[in-house]
Novice: 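My structure is below; once you've seen it, I'll send some questions.
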Amino acid sequence: MTKNINWFISWFNSKYYHILYKHRDDKEADIFMRNLISFLKLKKEEVILDLACGKGRHAIFLNSLGFNVVGADLSTNSIQKAKKKENERLRFIEHDMRNPFPEKYNTVLNLFTSFGFFEEDSEDITVLKNIKNSLEKDGIAVIDFMNALYVVKYLVPNETLIIDGITFNITKYVENGFIIKKIVFEAEGDDHTYFEKVKILDLPKIKGYLQTVGFKIKHTFGNYQLDNFDEHTSKRLILVLE
Ligand SMILES: C[S@@+](CC[C@H](N)C(=O)[O-])C[C@H]1O[C@@H](n2cnc3c(N)ncnc32)[C@H](O)[C@@H]1O
């Protein structure tokens with residue numbers, strides 16, 4: 001298993017992360033955002049934080065609809081790329097979500113499993129506290145996490161994916177309460193090994209976190225069409241918090 005507790009810095013900052021996950025594209029982001037803003041009735045004058053925004057696929061789409069958006073991420077490369085799309089109502093900042101945010105927002109979005117990366121529960125709770133403290137009065141937060149129980153149940157232990165001419169050999173397993181994904185490939189004349197390590201946070205465990213922070217769950221969805229969450233069949237666990 002990876003001993004590198006900071007795996008999320010190197011992996012998400014590498015161009016290979018974006019190649020392996022290229023199917024998680026703008027189209028997926030656009031559909032989810034359209035459904036979410038229409039459900040939440042978000043207003044264009046409000047400020048949205050896309051927290052752990054990556055290259056900003058959700059933030060850029062929301063801005064294209066007229067929203068005032070800030071995207072924040074730890075990955076220098078992703079933020080540099082995203083910054084090329086900046087305008088007076090779209091900004092990107094490099095920021096570690098374990099640190100408090102410099103501003104307040106009406107809505108904070110944390111999308112596509114951008115949570116549960118850290119060893120200590122206290123670090124997850126710190127992230128939630130930072131989100132809560134960054135909200136304006138009556139603000140809401142949306143956490144789009146994997147349905148951990150579903151992912152564990154249907155875990156594919158070994159898989160080979162060929163994308164853009166790169167053969168990714170992927171091994172997945174559960175260890176010490178985390179889902180580990182080991183990604184091995186050869187590219188540009190070098191052998192590469194990266195890890196993803198996401199904590200198995202089911203709804204009861206997340207509810208415990210939320211209680212500590214003082215967040216209440218307003219809605220629970222199970223996919224990007226915003227169907228109800230079912231722990232046995234839903235792929236996602238999407239929480240709207242206030
Ligand atoms: C699975 S990606 C999702 C990216 C984006 N939300 C999307 O849907 O394309 C997780 C993101 O979390 C970011 N991240 C990881 N640790 C972080 C931290 N401590 N603070 C801020 N961002 C972080 C990574 O750099 C990466 O961009």
Side-chain angles (χ1 to χ4, degrees), residues 2 4-36 48-64 69-83 85 90-103 105 107-131 133-134 141-148 151 168 170 172 178-181 183 194-199 201 223-224 235-239:
T2 177
N4 175 13
I5 60 166
N6 290 323
W7 63 269
F8 49 88
I9 300 178
S10 46
W11 173 231
F12 291 126
N13 202 39
S14 85
K15 65 178 177 190
Y16 303 112
Y17 162 75
H18 295 284
I19 295 173
L20 182 61
Y21 283 92
K22 69 191 294 187
H23 60 294
R24 299 303 198 165
D25 57 7
D26 292 344
K27 192 171 164 220
E28 178 187 71
D30 298 0
I31 291 168
F32 181 29
M33 289 303 95
R34 272 194 198 285
N35 292 336
L36 198 64
I48 300 173
L49 173 67
D50 179 3
L51 174 57
C53 62
K55 289 194 285 190
R57 60 188 176 131
H58 300 93
I60 292 165
F61 179 68
L62 289 169
N63 173 254
S64 77
V69 191
V70 177
D73 200 284
L74 188 61
S75 160
T76 307
N77 288 339
S78 292
I79 289 298
Q80 264 177 19
K81 183 101 198 290
K83 271 185 170 293
K85 303 278 168 111
L90 178 64
R91 281 180 295 131
F92 289 98
I93 54 169
E94 232 180 282
H95 185 91
D96 188 325
M97 58 185 157
R98 290 169 292 180
N99 297 327
F101 297 98
E103 300 166 311
Y105 312 94
T107 304
V108 176
L109 307 175
N110 177 268
L111 305 174
F112 183 44
T113 320
S114 297
F115 190 71
F117 300 150
F118 314 120
E119 292 296 308
E120 303 298 329
D121 288 3
S122 59
E123 294 175 283
D124 296 334
I125 290 170
T126 295
V127 171
L128 291 172
K129 272 189 190 146
N130 289 338
I131 294 176
N133 291 337
S134 75
V142 178
I143 309 254
D144 160 31
F145 196 63
M146 62 178 173
N147 176 4
V151 172
F168 292 95
I170 297 170
K172 289 184 210 153
F178 285 81
I179 298 168
I180 317 279
K181 185 165 171 177
I183 304 149
Y194 286 98
F195 287 89
E196 268 176 33
K197 189 176 173 198
V198 183
K199 201 176 282 175
L201 297 171
N223 57 31
Y224 294 147
K235 291 191 175 167
R236 308 299 303 165
L237 171 58
I238 300 167
L239 301 170

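Both ligands and their constituent atoms are indexed starting at 1 by order of listing.
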Novice: What I'd like to find out is whether the side chain of V198 reaches to under 4.5 Å of the side chain of V151, using heavy atoms alone.
Specialist: no
Novice: So is F12 polar-close to ligand 1, meaning N/O to N/O under 3.5 Å?
Specialist: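 No; every N/O pair is 3.5 Å or more apart.
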Novice: Below 4.0 angstrom, N of the basic side chain to O of the carboxylate: do E103 and R91 qualify?
Specialist: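 Looking at E103 and R91, the cut-off is met.
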Novice: Compare all side-chain heavy atoms of N147 with those of K235 and state whether any distance is below 4.5 angstrom.
Specialist: no
Novice: Just going by heavy-atom distances, which of D26, L51, L74 is nearest to atom 22 (N) of ligand 1?
Specialist: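 The option holding the nearest heavy atom is L74.
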Novice: Show me which atoms of ligand 1 lie under 4.0 Å from any heavy atom of D96.
Specialist: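 That gives atoms 18 (C), 19 (N), 20 (N) of ligand 1.
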Novice: Side chain or backbone of Y21 under 4.0 Å from ligand 1, or both, or neither, by non-hydrogen atoms?
Specialist: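 Under 4.0 Å from ligand 1, Y21 contributes no heavy atoms.
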Novice: When you check the gap from the basic side-chain N to the acidic O, do D96 and R98 get nearer than 4.0 Å?
Specialist: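 Yes.
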Novice: Which residue and non-hydrogen atom of the protein lie closest to atom 12 (O) of ligand 1, and at what distance in Å?
Specialist: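 Protein heavy atom at minimum distance: A52 CB, 3.3 Å.
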Novice: For ligand 1, which atoms sit closer than 4.0 Å to a heavy atom of H95?
Specialist: 20 (N), 21 (C)
Novice: Among N77, D73, N13, which one has a heavy atom closest to atom 25 (O) of ligand 1?
Specialist: D73
Novice: Would you verify whether the NZ or CZ of R57 falls within 45 degrees of the ring axis of F112 while also being under 6.0 Å from that six-membered ring's centre?
Specialist: yes
Novice: If you measure from each heavy atom of C53 to ligand 1, is any distance below 4.0 Å?
Specialist: yes
Novice: Can you list the ligand 1 atoms lying under 4.0 Å from a non-hydrogen atom of F118?
Specialist: 19 (N)
Novice: Of all the heavy atoms in R57, does at least one lie under 4.0 Å from an atom in ligand 1?
Specialist: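 Yes, R57 has heavy atoms under 4.0 Å from ligand 1.
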Novice: Is it true that a side-chain atom of D124 and a backbone atom of F115 form a donor plus acceptor pair closer than 3.5 Å?
Specialist: no
Novice: Who's the nearest protein heavy-atom neighbour of atom 3 (C) of ligand 1, and how far?
Specialist: S114 OG, 3.3 Å
Novice: Does an N or O from L111, backbone or side chain, lie closer than 3.5 Å to an N or O of ligand 1?
Specialist: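 Among all N and O atoms of L111, at least one is under 3.5 Å from an N or O of ligand 1.
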Novice: Could you walk me through whether K197 and E119 pass the salt bridge (Lys or Arg N to Asp or Glu O under 4.0 Å) check?
Specialist: CA-CA 9 Å; K197 189 176 173 198; E119 292 296 308; 2.5 Å; yes
Novice: Return yes when K55 approaches ligand 1 closer than 4.0 angstrom through a heavy atom, no otherwise.
Specialist: no
Novice: As a check for students: among F8, F32, F112, identify the option with a heavy atom nearest to atom 16 (N) of ligand 1.
Specialist: F8
Novice: Please confirm whether the backbone N or O of C53 pairs with a side-chain atom of D73, one donor and one acceptor, at under 3.5 Å?
Specialist: yes
Novice: What protein heavy atom lies closest to atom 20 (N) of ligand 1? Include the residue and the distance to one decimal.
Specialist: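 Heavy-atom neighbour on the protein nearest atom 20 (N) of ligand 1: M97 N, 2.9 Å.
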Novice: What atoms in ligand 1 come closer than 4.0 Å to a heavy atom of S75?
Specialist: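 Result: 25 (O).
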Novice: So, N130 side chain and M97 main chain: donor-acceptor pair closer than 3.5 Å or not?
Specialist: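 The answer is yes, because a donor-acceptor pair under 3.5 Å joins these two groups.
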Novice: Below 4.0 Å, non-hydrogen atoms only: which portion of Y17 touches ligand 1? Side chain, backbone, both or neither.
Specialist: side chain
Novice: Do F12 and W7 make the cut of ring centroids closer than 6.0 angstrom?
Specialist: yes
Novice: Suppose I only count heavy atoms of T113 and a 4.0 Å limit; which atoms of ligand 1 are within that range?
Specialist: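 Close to T113: 1 (C).
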